[in-house]
Amino acid sequence: MDVRTGHVGLNVSDLDRSRDFYRRVFGFEVVRESDEEGRRYAFLGRDGEPVLTLWQQSEGTFPTRLPGLHHLSFQVPGIEDVRRAEAVIREIGATLHHDGIVPHGEGRASGGVFFEDPDGIRLEIFAPDGAGDRPAPTPAAPTCGFF
């Protein structure tokens, strides 16, 4: 069986705020959207293909202490893409962990930025190469508890 992720659906507390956040950080376009009362959602993606669906049907912030999503990771082609994303994350004031780009481990070339969306959902944008010149997070502070 050839299985791939189709798109990821996230519950959000404020569709407008989350849609704007994901469009700004990831450059997603709105593929489809509904403002129907009780059924507000936005399909975000590229070239008409959905990557992420946001559903306005929750309150509060993401509870990392409960079972469920650990983090959502997005791979980009190169470290320059990660740097551009980091600049946007800093510009909009999103919660950024490890003060920027870090490798996935000591001596590893892959790495990226670890941050949170407006509802506290943990996110990662990484590249397979180019982060090895930075220090890895310490064992006491692994990559945002992501690994």
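Everything numeric in this text was worked out from a predicted model, so none of it was measured.
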Does Asp99 come within less than 4.0 Å of Arg90, counting only side-chain N to carboxylate O? yes
Checklist entry - Going by atom types alone, do His104 and Glu124 pair a side-chain donor with an acceptor below 3.5 Å? => result yes
Exercise. On the 0 to 90° scale, with breaks at 30° and 60°, tag the Phe114-His98 ring pair as parallel, tilted or perpendicular.
Key: perpendicular
- Query: Does Glu29 reach the main-chain N or O of Gly48 with its side chain, forming a donor-acceptor pair under 3.5 Å?
  - Reply: yes
Note to self: Quick check: do Leu72 and Leu52 have side-chain heavy atoms less than 4.5 Å from each other?
What the structure shows: yes
Notebook entry, point to check: Can you check whether Val12's main-chain N or O pairs, donor with acceptor, with Ser58's side chain at less than 3.5 Å?
Noted result: yes
Salt-bridge contact Arg83-Glu86 (side-chain N to carboxylate O under 4.0 Å): no
Check: Heavy atoms, side chains only, cut-off 4.5 Å: are Leu69 and Phe62 in contact?
Finding: yes
So, Asp81 side chain and Gly78 main chain: donor-acceptor pair closer than 3.5 Å or not? yes
Is Glu33 salt-bridged to Arg40, going by a charged N under 4.0 Å from an acidic O? no
Distance under 6.0 Å and angle within 45° of ring axis: Arg23 vs Phe28
no
Any donor-acceptor N/O pair, Arg19 side chain to Leu54 backbone, under 3.5 Å:
no
Under 3.5 Å, is there a donor on one side chain and an acceptor on the other for His7 and Glu49?
no
(message) Regarding Ser13 and Asp119, do their side chains bring together a donor and an acceptor under 3.5 Å, going by distance alone?
(response) yes
Tell me, do Arg39 and Trp55 make a side-chain contact under 4.5 Å, heavy atoms counted?
yes
